[in-house]
Engineer: 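One structure follows; several queries about it will come next.
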Amino acid sequence: MQHISLTPFGRQPATSSLLAARFQADKAPALPQVDKWAVFNALREARTRLGLTDRDLSVLYALLTFLPAKALEDGAQLVVFPSNAALSDRAHGMAESTLRRHLAALVAAGLICRQDSPNGKRYAARDSAGGLAVAFGFDLRPLLTRADDIFRIAAEVTEAAAALRRQREALVLRLRDAAKLLAYGQDAALPGDWAGIEARLLPLRAALRRKMDPEQIAGLLDQAGDILRAISAMLAFPTEESNGTAAHFGRHHTDSNPDSHAFEPCPEKGRAAEAGSPDTEANPQDEPETPLPLYLVLKACPEIEAYANGNLTRWPEFIATASEVRGMMGISASAWQDACQTMGHGTAAIVVAAMLQRFASIQSPGGYLRALTAKAAEGAFSPGPMVMSLLNTNQRRAA
């Protein structure tokens, strides 16, 4: 009669954690069968949450290679019994003392169970037909019983890493906008405390070299937003006209948040209304929150002024003109509405004006706008670099 030992061989005592791991391994698994390498790949993602090191996983990988089957299956023989020499060889020559330490870590993590023989050796006894009657070594069944939990943890770790990456991308974009707008303000000799802004910006850019957690990045995002708002306020004092006309661009409220919904949609008049499109028109008394001053956008994107009914001196007029132009560019009403809801009306209008400026080089304006809207929904898009690139191009042509 076969007896599965619950206790380890030698001087190692039985502990509550060892017994709990053994009883957990005997439970019916949520997944009756799972690919062993799929579980291992999930463990690579989840290893920090499970307290494992890369060397622990190297030993586990070596153990898995001794299991002939590709799948971990309920009811199958999942005990592997390699000698220390064979296991060390497949672990790239790892010393036996190191090997024992990592095997103990895998046992403590509840990923394998010891199934020790009476003399502590690892071996298998075969029946008359050549099949395994009993095997003593390391039981891989815990990997099967915990597979669903491992997959869940791996998914959580992957999602957290992606969220952190998006946070960091958003921070990089804000700092890039701040740095380039700072350089523009200094080069144009605009009034303002540019030295103070630069002093606030330097430690934030230096912090990007460090590895940061989500809370630290969130704090830097807030600081970068404050800096952008300060820069936008200083850029709202124009020192020159955007197109050589006598149009005056008054000071208006600006904000670094491109996702503002303070500008509410309403039925549009003019050509878009005649076409029956569901575009939106601004209330002439309202000023949307925008990431850039209007005069700077018009200086970078002068083409849109040819489609205006008059001088574009306020954001509502600019947004209404962009709303009409988007139809001429082949951008659908739904793509425009999605952009307005995600980016904010002011930012969406800036994007359309920038696309109009480079219309000849854009194959699918509607698809391009939807792609930028998707990036904006993830916090990975800002119109600042687009406008500054156009501005630099215009300045080079003028030179």
Side-chain angles (χ1 to χ4, degrees), residues 1-15 17-29 31-41 43-44 47 50 52-147 150:
M1 178 179 179
Q2 182 181 355
H3 173 72
I4 303 300
S5 176
L6 302 178
T7 58
F9 172 79
R11 296 180 180 180
Q12 185 179 357
T15 62
S17 59
L18 287 176
L19 294 177
R22 181 72 259 180
F23 288 128
Q24 176 67 28
D26 291 336
K27 289 182 178 179
L31 302 173
Q33 179 177 324
V34 66
D35 188 293
K36 64 181 181 182
W37 299 123
V39 178
F40 180 79
N41 289 334
L43 276 172
R44 290 196 303 178
R47 67 182 178 87
L50 296 173
L52 299 173
T53 67
D54 54 348
R55 300 295 298 276
D56 296 334
L57 291 186
S58 296
V59 175
L60 180 60
Y61 181 91
L63 285 174
L64 287 172
T65 62
F66 286 99
L67 186 70
K70 184 180 179 181
L72 302 171
E73 188 173 357
D74 192 21
Q77 174 60 258
L78 298 179
V79 177
V80 293
F81 40 92
S83 65
N84 282 342
L87 189 55
S88 175
D89 182 60
R90 294 203 185 180
H92 309 291
M94 185 180 292
E96 288 192 14
S97 58
T98 306
L99 201 62
R100 286 193 293 269
R101 185 170 66 252
H102 293 302
L103 287 170
L106 293 172
V107 172
L111 298 178
I112 61 174
C113 285
R114 292 184 182 275
Q115 191 161 310
D116 291 342
S117 66
N119 62 2
K121 301 294 184 180
R122 300 179 206 133
Y123 62 89
R126 298 186 179 274
D127 55 24
S128 58
L132 287 177
V134 63
F136 296 102
F138 296 105
D139 192 353
L140 301 177
R141 182 176 170 81
L143 289 175
L144 175 62
T145 57
R146 296 190 59 189
I150 292 170

Engineer: Would you call Asp54 and Arg44 a salt bridge, using N to O less than 4.0 angstrom?
Structural biologist: no
Engineer: Is the count of non-hydrogen atoms from other residues, nucleotides or ligands lying under 6.0 Å from Phe40 atom CZ greater than 12?
Structural biologist: yes
Engineer: Could you walk me through whether Leu67 and Leu72 pass the side-chain contact (heavy atoms from CB on, under 4.5 Å) check?
Structural biologist: CA-CA 9 Å; Leu67 186 70; Leu72 302 171; 3.5 Å; yes
Engineer: What is the minimum heavy-atom distance between Gly110 and Pro142, and which atoms define it?
Structural biologist: O-CB, 3.3 Å
Engineer: I need the minimum non-hydrogen distance between Leu43 and Leu52, along with the two atoms involved.
Structural biologist: CD2-CD1, 4.4 Å
Engineer: Can you confirm whether Leu111 sits close enough to Ile150 that some side-chain heavy atom of one is under 4.5 Å from a side-chain heavy atom of the other?
Structural biologist: yes
Engineer: Could you grab the distance from atom CD of Gln115 to atom CZ of Phe138, nearest 0.5 Å is fine?
Structural biologist: 11.5 Å
Engineer: How many angstroms lie between CZ in Arg90 and CG in Leu63, if you round to the nearest 0.5 Å?
Structural biologist: 10.0 Å
Engineer: Would the distance check show the side chain of Asn41 and the main-chain N or O of Trp37 forming a donor-acceptor pair, the cut-off being under 3.5 Å?
Structural biologist: yes
Engineer: Ignoring hydrogens, what is the shortest heavy-atom contact between Phe66 and Ala86? Give both atom names and the distance.
Structural biologist: CZ-O, 3.8 Å
Engineer: Report the distance from atom CD of Glu73 to atom CG of Leu144, rounding to the nearest 0.5 Å.
Structural biologist: 9.0 Å
Engineer: Would Asp56 and Arg47 satisfy side-chain contact (heavy atoms from CB on, under 4.5 Å), going step by step from the backbone distance to the final call?
Structural biologist: CA-CA 9 Å; Asp56 296 334; Arg47 67 182 178 87; over 6 Å; no
Engineer: Looking only at heavy atoms, what is the nearest atom pair of Ala62 and Ala91, with distance?
Structural biologist: CB-N, 4.2 Å
Engineer: Have a look at Leu143 and tell me which of Leu78, Leu60, Val34, Leu106 forms a side chain to side chain contact (heavy atoms under 4.5 Å, CB included) with it.
Structural biologist: Leu60
Engineer: Would you compute the distance between atom CZ of Arg101 and atom OG1 of Thr53 and round it to the nearest 0.5 angstrom?
Structural biologist: 9.0 Å
Engineer: Donor-acceptor pair, distance only, cut-off 3.5 Å: does the side chain of Lys36 make one with the backbone of Leu140?
Structural biologist: no
